[in-house]
Engineer: 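Can you keep this structure in mind? I'll have questions shortly.
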Amino acid sequence: MGFLTALAVSTGAIFIAEMGDKTQLVAMSLATRYRARTVLLGITIATVAVHGVSVLIAEVLGLAIPTDWVALIAGLAFIFFGAWTLRGDDLTDKDEERAASRRIRSGVITVAAIFFLAELGDKTMLATITVGANYSGIPLSWAAVWIGSTVGMVLADGLAIAVGAVLGKKLPERAIQIGAAALFFIAGAAMTAQGAYRLLA
């Protein structure tokens with residue numbers, strides 16, 4: 001019973017925490033640039049990794065993550081991603097055909113890297129640590145929290161990916177680039193400001 005409770009609570013808590021979060025907005029913008037399954041796979045890989053770290057912290061280490069530096073570095077990275085998105089890819093039809101298979105592979109890696117950076121020190125990571133700490137001591141609770149938090153995250157971001165994929169088919173390419181870049185810039189500025197504030201406080 002404890003395992004199932006931890007599983008249900010972690011799934012629900014992370015699903016709710018992710019709704020409207022910056023990473024959900026990023027998922028939507030990425031889905032306008034890459035295929036939906038590419039974004040979903042990248043997000044799942046990053047979430048499994050980050051929430052695995054979260055569970056480890058809650059269950060074994062009990063250490064605090066230096067969220068000030070993480071937020072600052074992640075924020076600067078997001079600003080770079082925004083500039084990269086706004087610039088776009090200048091490819092000819094021949095280049096496009098040659099680069100298609102490479103883009104799928106690099107797309108998964110790019111999405112996973114962006115999400116990994118964004119999730120470090122984010123509220124969903126902290127929520128996972130909190131839930132894990134609350135259920136610590138119950139047999140296999142770490143596995144329940146890990147699975148549940150990953151499922152909750154992927155479900156919430158799956159909704160954003162669906163919206164992004166639909167928008168990607170209906171909006172002009174330049175409008176998509178500007179919108180996606182704006183989301184990266186906003187998230188990057190917020191994370192950079194948050195990290196700087198914590199360092200200076």
Side-chain angles (χ1 to χ4, degrees), residues 14-54 70-91 95-96 99-125 127-128 149-192 194-195:
I14 302 309
F15 180 83
I16 293 169
E18 179 64 6
M19 297 303 288
D21 193 42
K22 66 179 184 295
T23 46
Q24 192 180 44
L25 297 177
V26 169
M28 193 185 330
S29 68
L30 286 170
T32 65
R33 185 178 179 89
Y34 300 104
R35 293 181 179 180
R37 64 183 178 187
T38 299
V39 180
L40 190 63
L41 180 57
I43 288 172
T44 302
I45 291 169
T47 302
V48 167
V50 173
H51 289 193
V53 172
S54 304
V70 169
L72 184 62
I73 293 169
L76 293 173
F78 265 55
I79 292 171
F80 167 78
F81 291 134
W84 171 58
T85 300
L86 195 58
R87 178 180 172 275
D89 297 321
D90 298 324
L91 295 176
D95 292 332
E96 190 78 29
S101 62
R102 277 183 318 203
R103 186 179 296 134
I104 292 172
R105 290 192 302 271
S106 66
V108 172
I109 295 169
T110 301
V111 171
I114 289 171
F115 259 78
F116 188 85
L117 280 173
E119 276 300 299
L120 288 177
D122 192 52
K123 68 179 179 180
T124 47
M125 181 178 186
T128 302
S149 63
T150 300
V151 169
M153 186 82 170
V154 172
L155 285 176
D157 288 328
L159 296 175
I161 291 168
V163 172
V166 171
L167 290 176
K169 292 176 183 176
K170 294 186 176 180
L171 294 176
E173 185 178 350
R174 189 58 183 164
I176 291 169
Q177 285 181 332
I178 293 171
L183 289 174
F184 277 122
F185 285 138
I186 292 168
M191 285 188 286
T192 301
Q194 183 182 41

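From a predicted model like this one, the values you see are computed outputs, not experimental measurements.
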Engineer: Quick one: closest heavy-atom pair of Thr38 and Gly107, and the distance?
Structural biologist: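 That would be CG2-C, 3.7 Å.
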
Engineer: Say you draw a straight line from CD1 of Ile14 to CG of Leu155; how long is it, rounded to the nearest 0.5 Å?
Structural biologist: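 If I round to the nearest 0.5 Å, the distance is 12.0 Å.
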
Engineer: About how many Å separate CD1 of Ile109 and CZ of Phe116, when rounded to the nearest 0.5 Å?
Structural biologist: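 Interatomic distance, Phe116 CZ to Ile109 CD1, rounded to 0.5 Å: 14.5 Å.
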
Engineer: Give the minimum heavy-atom separation between Ala27 and Phe115, together with the two atoms involved.
Structural biologist: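 Heavy atoms of Ala27 and Phe115 come nearest at CB-CZ, 3.7 Å.
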
Engineer: Show your reasoning for whether side chain to side chain contact (heavy atoms under 4.5 Å, CB included) applies to Met153 and Thr128.
Structural biologist: CA-CA 10 Å; Met153 186 82 170; Thr128 302; over 6 Å; no

Engineer: Any side-chain heavy-atom pair from Met125 and Val53 closer than 4.5 angstrom?
Structural biologist: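 Yes, their side chains come closer than 4.5 Å.
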
Engineer: Which distance, rounded to the nearest 0.5 Å, do you find between the CD1 of Ile114 and the OG of Ser29?
Structural biologist: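 Rounded to the nearest 0.5 Å, the CD1-OG separation comes out at 7.5 Å.
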
Engineer: Spell out, as yes or no, whether a donor-acceptor pair under 3.5 Å connects the side chain of Gln24 to the backbone of Ala156.
Structural biologist: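 Between the backbone of Ala156 and the side chain of Gln24 there is a qualifying donor-acceptor contact (under 3.5 Å).
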
Engineer: Can you name the one residue among Ile43, Leu40, Val26, Leu41 that meets side-chain contact (heavy atoms from CB on, under 4.5 Å) with Val111?
Structural biologist: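 Output: one option passes, namely Ile43.
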
Engineer: Got a sec, which residues hit side chain to side chain donor-acceptor pair (under 3.5 Å) with Glu119, two or more places apart in sequence or on another chain?
Structural biologist: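 Glu119 satisfies side chain to side chain donor-acceptor pair (under 3.5 Å) with Thr23, Thr124 only.
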
Engineer: Of all heavy-atom pairs between Phe185 and Ile79, which one has the smallest distance, and what is that distance?
Structural biologist: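 Scanning both residues, the minimum pair turns out to be CE2-O, 3.3 Å.
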
Engineer: In Å and rounded to the nearest 0.5 Å, what is the CZ to CD1 distance from Arg35 to Ile161?
Structural biologist: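 It is 14.5 Å, given to the nearest 0.5 Å.
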
